[in-house]
Amino acid sequence: MRTRDMRRSVAALAALITVGGCSAQAVRVTGDQNRPVRIDVTATPSGDTDGSSGSGGSGGGKSVADGKAGAGDPPSASPSPTSPPRVLWSRGDSGRDVRELQSRLRQVAWLFDGPTGEYDDLTVQAVKGFQGKRGLPRTGSTDSATWARLLKMTREPTKWELYAYGGQPAAAPDPRCMTGRVLCISKTSRTLRWMVDGRTLSTVEVRFGSQSTPTREGLFSVYFKSRHHWSTLYDTPMPYAMFFSGGQAVHYSSDFAARGYFGASHGCVNVRDEARIAELFAQVRNGDKVVVYW
């Protein structure tokens with residue numbers, strides 16, 4: 001009777017454990033009926049964060065002991081690789097932004113020509129030099145890291161630093177330029193239009209006098225031409241000179257060709273393109289109008 005009661009107790013305990021969600025090994029009863037019954041419970045829940053497991057302890061998640069992540073484990077957080085700096089401009093690009101890049105490189109003495117607005121070989125070499133000096137990858141392309149470093153070391157270029165060697169668009173003609181044969185010269189855009197009856201036949205970049213020797217403004221006419229003129233006042237050549245007001249003339253300037261807008265004339269209108277002014281000199285006649293305006 002005692003053995004029967006004991007077996008009933010063991011069965012009840014085993015049923016209780018099964019309802020609790022754990023699996024138990026079979027109960028082993030020894031021949032000594034007086035010894036207490038020993039129950040070993042070896043299976044444990046998988047430890048899923050949502051607390052769910054299948055019947056008998058074999059839920060969807062892996063056990064911790066098997067060393068593998070279960071379905072409920074969070075994904076491993078692997079660091080994302082650092083993205084390389086974005087390339088802003090490189091060889092072959094052109095435009096106003098490239099002019100600013102070149103102008104800023106001039107400020108830190110890595111570029112001496114231009115700005116031209118063309119990302120050419122000289123610009124590539126200048127960027128490489130700047131990058132190498134600052135420990136940046138020497139790619140020759142201007143990426144965001146290179147540009148940020150250059151911005152910190154330089155200031156905003158002026159308009160005429162951007163167009164130090166020409167390339168600026170011409171301003172609209174003055175109304176006085178719309179009739180007859182006219183050398184139409186804008187101080188605003190620093191350009192000269194050769195116009196006949198309101199049509200622009202050619203346009204060249206020009207340079208003017210300094211504050212101490214300004215170029216006169218107004219309506220004039222060509223009164224004297226001199227192909228190989230020499231200035232006795234300043235002891236300097238004035239090729240292809242076309243005089244329009246006292247000693248002021250439109251003429252070719254090798255200094256303008258070399259230095260761009262980093263220099264100034266003594267009051268004359270300088271042209272830097274010798275081939276273009278040679279063509280202009282051949283077409284302009286004495287008596288043709290000259291208009292200098294803002």
Side-chain angles (χ1 to χ4, degrees), residues 79-171 186-193 200 202-208 210 237 239-240 251-265 269-280:
S80 58
T82 303
S83 301
R86 182 169 62 94
V87 174
L88 304 177
W89 311 288
S90 59
R91 188 196 304 270
D93 288 338
S94 61
R96 193 268 180 201
D97 290 340
V98 175
R99 283 186 181 275
E100 181 173 347
L101 166 68
Q102 293 169 329
S103 182
R104 289 181 183 271
L105 287 170
R106 281 183 61 92
Q107 292 180 32
V108 290
W110 279 106
L111 188 67
F112 298 97
D113 292 343
T116 64
E118 302 291 334
Y119 206 116
D120 52 14
D121 291 341
L122 290 176
T123 305
V124 170
Q125 294 306 315
V127 171
K128 281 185 177 181
F130 178 83
Q131 290 170 329
K133 185 73 172 181
R134 273 103 200 142
L136 300 169
R138 298 180 74 253
T139 62
S141 296
T142 303
D143 54 36
S144 56
T146 302
W147 182 239
R149 185 70 62 87
L150 186 59
L151 286 178
K152 290 181 179 179
M153 298 177 61
T154 56
R155 56 172 173 76
E156 182 75 18
T158 66
K159 175 182 178 181
W160 298 116
E161 286 174 334
L162 292 176
Y163 293 97
Y165 287 86
Q168 67 273 15
S186 169
K187 283 190 170 183
T188 301
S189 63
R190 298 185 179 183
T191 54
L192 180 156
R193 293 174 182 259
T200 300
S202 64
T203 303
V204 294
E205 295 121 5
V206 294
R207 185 178 71 172
F208 303 101
S210 64
Y240 304 100
H251 69 85
Y252 170 73
S253 169
S254 58
D255 181 75
F256 183 24
R259 299 174 59 200
Y261 291 108
F262 293 104
S265 75
V269 178
N270 291 163
V271 178
R272 64 190 302 264
D273 190 327
E274 188 171 9
R276 300 287 295 280
I277 196 172
E279 296 175 358
L280 189 61

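Below, each value reflects all heavy atoms present in this structure, side chains not excepted, and no hydrogens, waters or symmetry copies.
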(message) Within the 3.5 Å criterion, strictly below it, is a donor on Thr146 or Gln131 matched to an acceptor on the partner's side chain?
(response) yes

(message) Nearest 0.5 angstrom please: Ser141 OG to Leu88 CG, how far?
(response) 10.0 Å

(message) Just verifying a value: how many Å separate Glu279 CD and Asp273 CG, rounded to the nearest 0.5 Å?
(response) 8.0 Å

(request) Please report the closest heavy-atom contact between Thr191 and Pro169, naming both atoms and the distance. (result) CG2-O, 4.4 Å

(request) Compute whether any side-chain donor of one residue and acceptor of the other, for Thr203 and Arg193, lie under 3.5 angstrom apart. (result) no

(message) Please give me the minimum heavy-atom distance between Trp110 and Ala126, naming the atom from each residue.
(response) O-CB, 3.0 Å

(message) With no hydrogens and no angle check, just 3.5 Å: does a side-chain donor-acceptor pair link Thr142 and Tyr119?
(response) yes

(request) Using the salt bridge (Lys or Arg N to Asp or Glu O under 4.0 Å) rule, collect all pairs that involve residues 123-147, keeping only residues at least two apart or in two chains. (result) none

(request) Hey, could you give me each pair passing salt bridge (Lys or Arg N to Asp or Glu O under 4.0 Å) that has a residue in residues 101-127? Not counting sequence neighbours. (result) Arg91-Asp121, Glu100-Arg104, Arg104-Glu156

(message) Any salt bridge linking Asp255 with Arg272? Criterion: basic side-chain nitrogen under 4.0 Å from a carboxylate oxygen.
(response) no

(message) Given 3.5 Å as the limit, does a donor-acceptor pair link the side chain of Ser189 with the main chain of Ala171, or not?
(response) yes

(message) Less than 6.0 angstrom from the centroid, inside 45 degrees of the normal: does Arg190 satisfy that with respect to the ring of Tyr261?
(response) yes

